[in-house]
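Notes for the one structure printed next.
Every chain is numbered from 1, with letters handed out A, B, ... down the list of sequences.
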Amino acid sequence: MYNFDFVKPSTVEEAVAALQDDEAQPLSGGQTLIPSMKQRLNAPGTLVSLLGIEALKGISSADGVLTIGGVTNHATVAAEAGAYPALAALAAQIGDPAVRNRGTIGGSLANNDPAACYPAAALASGATIVTNSREIAVDDFFQGMFTTDLEEGEIITSVKFPIPEVASYQKFEQPASRFALTGVFVTKYADGVRVAITGASEEGVFRWAEAEEALTANFSADALAALAVPSNAMITDLHGTAEYRAHLCKVMTGRAVAAAH
Amino acid sequence: MKVQMTVNCRQVSGEVEGRTLLVTFLRDGQGLTGTHTGCDTSQCGACTVHVNGQQVKSCTMFAVEAEGAEVATIEGMANADGSLSVLQQAFQDYHGLQCGFCTPGMVMAAASLLAKNPRPSEAEVRRHLEGNICRCTGYHNIVKAIMAASGQHVTAVAAE
Amino acid sequence: MPKDGIGASTKRREDIRFLTGKGRYTDDINLRGQAYVHFLRSDVAHATLNGIDTSAAKDMPGVLRIFTARDFDGVGGIPCGWLITDRHGQPMQEPKHPIMAEGKIRHVGEIVAAVVAETLDQARDAAEAIVLDYDELPAVIDMKAAVQADAPKVHEELTSNLCYDWGFVEENKAAVDAAFDVAAHVTTLELVNNRLVANPMEPRVAIGDYAAHDDSSTLYTTSQNPHVIRLLMGAFVLGIPEHKLRVIAPDVGGGFGTKIFHYAEEAFCTFAAKQLKLPVKWTSTRSEAFMSDAHGRDHVTKIQLALDADNNFTALRTDTYANMGAYLSTFAPSVPTWLHGTLMAGNYRTPLIYVNVKAVFTNTVPVDAYRGAGRPEATFQLERVVDMAARELGVDPAELRRQNFIRKDQFPYATPVAVEYDTGDYEATLDKGLELSDYAGFATRLAESKANGKLRGIGLAHYIEACGIAPSNLVGQLGARAGLYESATVRVNATGGIVVMTGSHSHGQGHETSFPQVIAQMIGIEPDQVEIVHGDTANTPMGMGTYGSRSIAVGGSAMVRATEKIIAKAKKIAAHILEASDADIELKDGKFSVAGTDKSLNWGDVTLAAYVPHNYPLKDLEPGLEETAFYDPSNFTYPSGCYICEVEIDPDTGKVTIERFTAADDFGNIINPMIVEGQVQGGVAQGIGQALLENCSYDSDGQLLSASYMDYAMPRASDVPMITVDHSCQTPCTHNPLGVKGCGEAGAIGSPPAVINAVLDAMHRAGKPVAHIDMPVTPAKVWAAMNH
């Protein structure tokens with residue numbers, strides 16, 4: 001890979017200042033960034049490690065909202081997000097144990113890989129993405145695969161998840177990468193059900209509005225019987241056709257509803 | 001730039017570039033060639049080491065990120081007298097390795113599992129090895145070795 | 001007797017170094033002052049290469065030299081080790097396989113230029129500054145399209161993309177066709193044997209070194225057969241005589257066939273080291289491995305089985321297209337022919353067989369042997385078509401097999417495809433497999449699966465393989481350009497310890513443990529008195545290496561022969577000291593005694609006398625105790641077995657789960673059961689990988705779609721079950737001294753058809769019958785098959 005300068009600030013302000021440089025990029029767990037740098041697909045002049053910023057780590061729960069620091073790793077969420085069990089369970093399924101010890105929630109959301117798990121949780125939870133400069137409603141955050149509303153140099157400092165009454169994440173793994181071939185996160189709140197699907201669409205994570213409506217009226221897998229996700233925007237690749245992914249959307253949604261607790 | 005860390009309870013330091021991976025620092029800088037590189041997409045796990053007690057893939061972490069950390073590698077896993085640890089011994093006893101290339105990563109991953117979950121089920125062992133690929137053994141004897149190392153009963157080798 | 005002799009599950013001594021991080025793999029070796037090479041590889045599949053502009057790159061920091069094809073004038077191409085003669089008596093088409101692309105690029109990953117620099121990063125930086133001038137050509141990917149008259153040619157100098165059109169046994173073709181004309185039933189199956197990448201966990205590495213003081217070259221490489229590399233590279237590529245070339249393959253992290261072959265990178269590093277007078281090191285990344293390691297399998301086949309009214313197999317014919325890739329790798333032409341056609345009888349008495357194979361050049365990575373090499377392809381199509389016939393006829397697939405087996409009393413059995421099986425008992429392994437898999441109890445498990453909303457199926461497959469490769473005179477007639485003997489030097493030291501220098505090579509098979517068990521048994525000493533040396537041409541006799549399940553059957557036999565010579569000589573020494581006739585000397589438990597007397601000598605007394613020959617028959621016998629033997633087998637060995645797989649299918653997602661897997665093998669005699677079981681377990685996992693997960697895929701432009709572990713699905717721990725392994729059925733090989741057959745490839749040969757037969761059985765039982773699904777049976781494919 002290309003060489004770069006490395007800085008490890010201890011405050012958000014220092015990190016933001018370091019990221020003013022056009023060539024600078026933030027580094028959190030690096031589990032996606034480092035492999036892409038090995039392929040020389042990414043060539044930052046400076047990497048600004050966020051892992052030295054204690055303020056960005058940790059999990060807290062208050063007033064029905066679970067707040068996770070931007071550089072909290074997946075293993076920590078799996079172990080400590082007990083207030084939101086479906087979210088903890090999702091974190092425990094990302095990658096493998098070594099990846100979970102490094103990869104962070106902020107890094108995952110900022111990258112917005114179309115097959116990543118966290119975007120589904122954030123979107124299904126109506127989460128708020130808190131950055132060094134503002135708060136972004138999740139419905140405005142994801143803007144197609146690998147694209148988000150984040151500005152250059154903007155850092156995710158925390159993510160706020162309203163805790164649902166019940167929820168579940170059901171992931172069908174792509175057999176090679178073990179990312180989601182299709183993953184569905186279903187939540188039920190007092191004001192309705194949200195269904196967010198990752199891995200399936202060319203557009204990245206999306207909400208399945210028809211299912212939300214049907215499940216809000218009747219929170220049962222049976223409510224999905226007459227519904228189908230159109231396959232035209234689904235991904236076709238070595239591991240499955242668009243038609244198969246569209247089918248999995250429904251199957252995994254049904255399973256998530258059945259498993260929600 | 002200079003980096004300093006503890007590797008297998010020994011203070012070490014060296015000059016690295018920003019892009020120097022932890023695995024490169026260990027292998028080329030410290031001569032600890034037991035940690036291997038088997039892929040470039042962070043999946044095979046041959047490079048697994050412990051950093052501050054947590055298993056990580058040393059091919060997906062820069063050496064500078066381990067500044068001040070406590071790093072443990074396969075070379076530090078044996079007992080103080082040089083004899084094999086219980087886990088290492090189980091890998092030998094149950095034929096949990098063939099070519100040996102993935103083995104250091106397997107041992108480090110398994111040690112991490114047993115530290116958190118002293119009596120894992122077979123399914124838990126298999127699930128924990130998600131990020132460690134072995135091409136020789138079919139995992140059968142690796143799983144048995146880890147179960148045996150946790151003190152659980154497994155059938156003797158070549159007696160099934 | 002030693003406690004760890006033949007038949008003991010001795011723990012592996014080599015494990016200690018691997019478990020403590022002290023293994024010494026090629027990439028662990030760094031030579032003083034070494035330079036690093038980065039290969040610039042093509043990212044297009046087929047192009048005319050007009051020019052390479054290295055002007056900007058050559059002056060970049062650290063660059064020592066940039067090599068292109070023009071630097072290899074006078075250097076040979078990478079040789080092919082096997083010449084196939086086609087149906088019409090013509091030799092195969094054999095294009096040059098250059099070290100680097102010469103005017104034309106023929107596959108993604110082909111080396112176009114090499115940058116040698118002081119550091120690897122400098123080499124990579126400079127490679128990015130090289131400018132290629134090329135005109136892309138239409139890629140030749142699909143094999144059937146490739147042999148059409150109007151297809152673009154991979155090699156302009158050849159008449160077509162057809163390497164050879166092989167018929168076997170050509171003289172039988174008419175009789176086979178006639179048998180089909182009168183058959184009561186014909187089952188026809190078209191299938192693909194999916195292209196695979198071997199993926200040993202250690203990527204390939206090569207380090208070339210040159211010593212000016214004696215004009216000698218050394219290559220450190222990740223090879224299964226260092227002597228073969230020395231011969232091919234020295235004699236055919238670089239023109240270095242063997243006495244000036246040393247090849248060292250230290251600890252090697254798995255091979256599975258793909259480390260048999262001589263590769264351009266090995267020749268390059270050796271060549272460049274001499275040019276630059278510096279060690280030159282190359283370490284493959286995994287991404288590079290996907291586009292430069294020889295791939296495996298990749299056959300497209302139509303097979304037909306003819307049966308009479310009593311369900312006896314009367315004839316078999318198959319037509320296969322076999323992908324060679326862009327160039328002929330070392331043993332590539334032999335894989336779909338002699339390692340495949342000769343196995344088409346399988347375990348059955350089918351009297352008439354005809355095999356046609358068309359080997360085709362395409363713009364893909366060369367294809368060569370991968371664990372099993374030809375035999376998995378033969379077994380898969382045969383065991384699929386037999387299962388399909390059983391389904392069509394409404395008979396139990398186990399019983400259809402049993403009815404057509406070669407019977408125990410028919411051995412030695414000459415098949416219609418030119419081989420003679422020495423021993424076997426196929427009913428015994430079938431019965432053992434049925435028993436251990438609880439075949440009879442399947443209905444109960446099926447009911448449980450149904451209650452859980454799952455489909456369940458059971459599938460079996462029998463296999464036969466030709467191992468212990470191979471009789472040199474026979475393979476010579478068949479086109480091999482090498483002998484396939486093996487060698488061993490047994491050196492007994494003065495104090496009784498033994499060093500065995502074997503031409504065989506261990507890269508996971510455990511030679512360092514199992515070979516001493518044999519010597520310990522023969523002499524009656526403990527195995528820890530025996531050390532095995534392998535992997536260095538400087539200190540081992542000329543050997544052909546490890547592949548084709550040949551190590552113990554051929555390499556072990558060479559060691560036995562050398563040890564027999566040692567024992568014969570030691571008896572003469574003992575006879576002299578004990579003042580007896582050597583015919584009266586017995587060796588037991590490490591002690592020489594005179595029959596019928598209490599006179600005896602310990603092993604160590606005799607070995608010491610051999611080196612301190614004071615009281616010694618110097619007139620008749622040389623001092624010392626060191627013998628070499630070369631063993632050339634008189635036949636192949638024929639391991640066989642019955643594999644039974646049980647699967648569950650989730651009908652909603654199509655995901656297949658292996659619930660049970662049973663392997664009942666006949667490997668003849670067994671040296672170390674623990675190691676044998678490990679070989680089978682690993683082989684079965686690779687077979688499950690082929691059946692369910694692995695697929696090397698190109699698009700129509702020749703781009704490799706499965707180019708990393710992100711898209712090439714390797715079996716993980718959660719993809720395979722515990723595997724029940726049995727090897728109690730033993731019909732010892734009749735023609736080697738140990739009665740062994742070899743076990744390294746069986747698992748990968750027998751398992752894919754068992755898995756697929758189980759999957760199709762599950763679908764059939766669920767009322768969703770499908771004639772065939774090609775491997776890998778991914779969830780998406782299974783779901784589509786059940787819903788269309």
Side-chain angles (χ1 to χ4, degrees), chain A residues 1-4 31-32 35-41 43 93 95-99 113-116 170-184 199-200 221 224-225 228 231 234-256 258, chain C residues 38 43 61 119-122 124-125 127-128 194-195 197 199 285-288 290 453 650-657 688-689 691-699 703-719 776-788:
Chain A
M1 71 185 84
Y2 301 105
N3 204 11
F4 54 84
Q31 301 301 288
T32 301
S36 78
M37 288 173 67
K38 287 185 194 173
Q39 303 293 331
R40 298 196 162 202
L41 299 174
Q93 292 177 56
D96 60 61
V99 167
D113 187 301
Q170 294 292 318
K171 175 183 181 182
F172 192 81
E173 288 182 343
Q174 193 258 52
S177 69
R178 310 286 164 140
F179 275 67
L181 189 72
T182 295
V184 181
L224 301 168
S231 63
M234 297 287 115
I235 296 169
T236 288
D237 63 11
L238 284 179
H239 310 287
T241 58
E243 186 193 11
Y244 180 61
R245 280 186 166 83
H247 167 74
L248 281 184
C249 289
K250 181 168 168 175
V251 171
M252 291 294 126
T253 303
R255 290 185 181 182
Chain C
H38 175 75
D43 55 14
T119 72
L120 183 56
D121 283 311
Q122 289 170 334
R124 285 194 71 170
D125 289 343
E128 287 186 356
N194 44 327
R195 188 182 184 108
V197 183
N199 272 305
T285 63
R286 182 62 59 185
S287 297
E288 254 181 313
F290 271 101
D650 175 347
D652 295 334
T653 63
K655 186 174 170 61
V656 175
T657 313
I688 290 172
L692 297 186
L693 295 162
E694 298 178 41
N695 196 35
C696 178
S697 178
Y698 282 91
D699 71 10
Q703 290 297 323
L704 183 57
L705 300 176
S706 49
S708 79
Y709 291 152
M710 295 297 281
D711 284 304
Y712 189 92
M714 292 282 281
R716 318 266 179 127
S718 51
D719 295 318
V777 288
T778 60
K781 275 194 207 167
V782 173
W783 177 79
M786 287 198 296
N787 289 282
H788 289 288

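Of the atoms belonging to C/Pro776, not a single heavy atom falls under 4.5 Å from chain A. With a 4.5 angstrom heavy-atom cutoff, A/Lys250 does not touch chain C via any of its atoms. With a 4.5 angstrom heavy-atom cutoff, C/Asp719 touches chain A only via side-chain atoms. Neither the backbone nor the side chain of C/Ser708 comes within contact range of chain A; no heavy atoms are under 4.5 Å apart. Of the two parts of C/Glu694, neither the backbone nor the side chain holds a non-hydrogen atom closer than 4.5 Å to a non-hydrogen atom of chain A. Looking at C/Asp699, there are no atoms closer than 4.5 Å to chain A (heavy atoms on both sides), in backbone or side chain.
Closest heavy-atom contact between A/Lys171 and A/Phe179: CE-C, 3.9 Å. Pairing each heavy atom of A/Ala43 with each of A/Tyr2, the nearest pair is CB-CD1, 3.5 Å. For A/His239 against C/Met710, the heavy-atom pair with the smallest separation is NE2-O, 4.3 Å.
Annotation: the span from A/Thr182 atom OG1 to A/Phe172 atom CZ amounts to 8.5 Å, rounded to 0.5 Å.
In terms of heavy-atom pairs under 4.5 Å with chain C, the best-connected choice from A/Gln174, A/Glu243, A/Arg245, A/Met1 is A/Glu243. Most heavy-atom pairs under 4.5 Å with chain A, from the set C/Leu705, C/Leu693, C/Thr653, C/Asp121: that is C/Thr653.
By the ring-ring contact (aromatic ring centres under 6.0 Å, His included) test, A/Tyr244 is found to be paired with C/Trp783, residues two or more places apart in sequence or in another chain being considered.
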Exercise. Could you walk me through whether A/Asp96 and C/Arg716 pass the salt bridge (charged side-chain N to carboxylate O under 4.0 Å, His left out) check?
Worked result: CA-CA 11 Å; A/Asp96 60 61; C/Arg716 318 266 179 127; 5.7 Å; no
